[in-house]
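Excluded from the calculations below are hydrogen atoms, water molecules and symmetry mates; all remaining heavy atoms, backbone and side chain alike, are included.
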Amino acid sequence: MEKKIQDLYEGINFLGFNTTYHRNNNYVENCKRLVPKIQEFVQWFMAGTQPGIGREVYDNLVSILEDCETALREHDNVLMMDALEQGIAGYLEMFLTEEYFREKETAYVGGVKGEEP
């Protein structure tokens with residue numbers, strides 16, 4: 001599941017980058033390909049009892065999914081971007097290691113500068 005979480009996290013970040021950098025106004029349309037991955041993650045998350053996580057965290061995830069549904073129905077790019085980048089991505093980050101973020105920083109930032117961060 002770790003690799004799937006990483007892939008989904010990167011997919012969400014790429015959509016945001018693509019939308020911002022290329023001024024692409026099709027965020028909702030572009031995110032539809034992530035829906036099966038989001039569904040798989042949410043089902044996995046909700047099926048297991050995550051240690052140290054209270055009921056309010058699960059309830060919040062349901063609220064985020066409701067925002068996603070509304071954004072899809074109303075074709076609301078801003079709501080969808082907020083739900084994915086500030087909502088779902090936050091849940092994914094719970095399962096990503098510090099090493100993962102260091103590797104990405106080295107690959108992206110270090111690669112651009114030509115040096116280690």
Worked verdict on H75 versus M80 for side-chain contact (heavy atoms from CB on, under 4.5 Å): CA-CA 8 Å; H75 201 78; M80 183 62 82; over 6 Å; no
When rounded to the nearest 0.5 angstrom, what distance separates [atom1] in [X] from [atom2] in [Y]?
X: K32; Y: L15; atom1: NZ; atom2: CG; answer: 13.0 Å
X: N30; Y: N77; atom1: CG; atom2: CG; answer: 8.5 Å
X: Q6; Y: M1; atom1: CD; atom2: CE; answer: 11.5 Å
X: E98; Y: E103; atom1: CD; atom2: CD; answer: 12.0 Å

Minimum heavy-atom separation for [X] to [Y], with atom names?
X: D76; Y: L79; result: OD1-N, 2.9 Å
X: M46; Y: Y58; result: SD-CD2, 3.4 Å
X: L8; Y: K37; result: CD2-O, 3.8 Å
X: Y27; Y: I12; result: OH-O, 4.3 Å

Set of salt bridge (Lys or Arg N to Asp or Glu O under 4.0 Å) partners for E40, sequence neighbours left out: K4
Not counting sequence neighbours, which residues clear side chain to side chain donor-acceptor pair (under 3.5 Å) with [X]? List them please.
X: Q39; result: none
X: D7; result: K3
X: Q86; result: none

By ring pair (Phe, Tyr, Trp, His ring centres under 6.0 Å), F101 pairs with (sequence neighbours left out) Y9
Indicate yes or no: at least one non-hydrogen side-chain atom of [X] is less than 4.5 angstrom from one of [Y].
X: E2; Y: Y100; value: no
X: W44; Y: F95; value: yes
X: I88; Y: I38; value: yes

For side-chain contact (heavy atoms from CB on, under 4.5 Å), just list the numbers for T19 and F14, CA-CA rounded to whole Å, side-chain angles, deciding distance to a tenth of an Å, and then say yes or no. CA-CA 8 Å; T19 298; F14 175 77; over 6 Å; no
Tabulate below the donor-acceptor pairs under 3.5 Å that side-chain atoms of residues 59-74 make, not counting sequence neighbours, or state none.
unit_1: D59; atom_1: OD1; unit_2: R55; atom_2: NE; d: 3.4
unit_1: N60; atom_1: ND2; unit_2: Y91; atom_2: OH; d: 3.1
unit_1: T70; atom_1: OG1; unit_2: E66; atom_2: O; d: 3.1

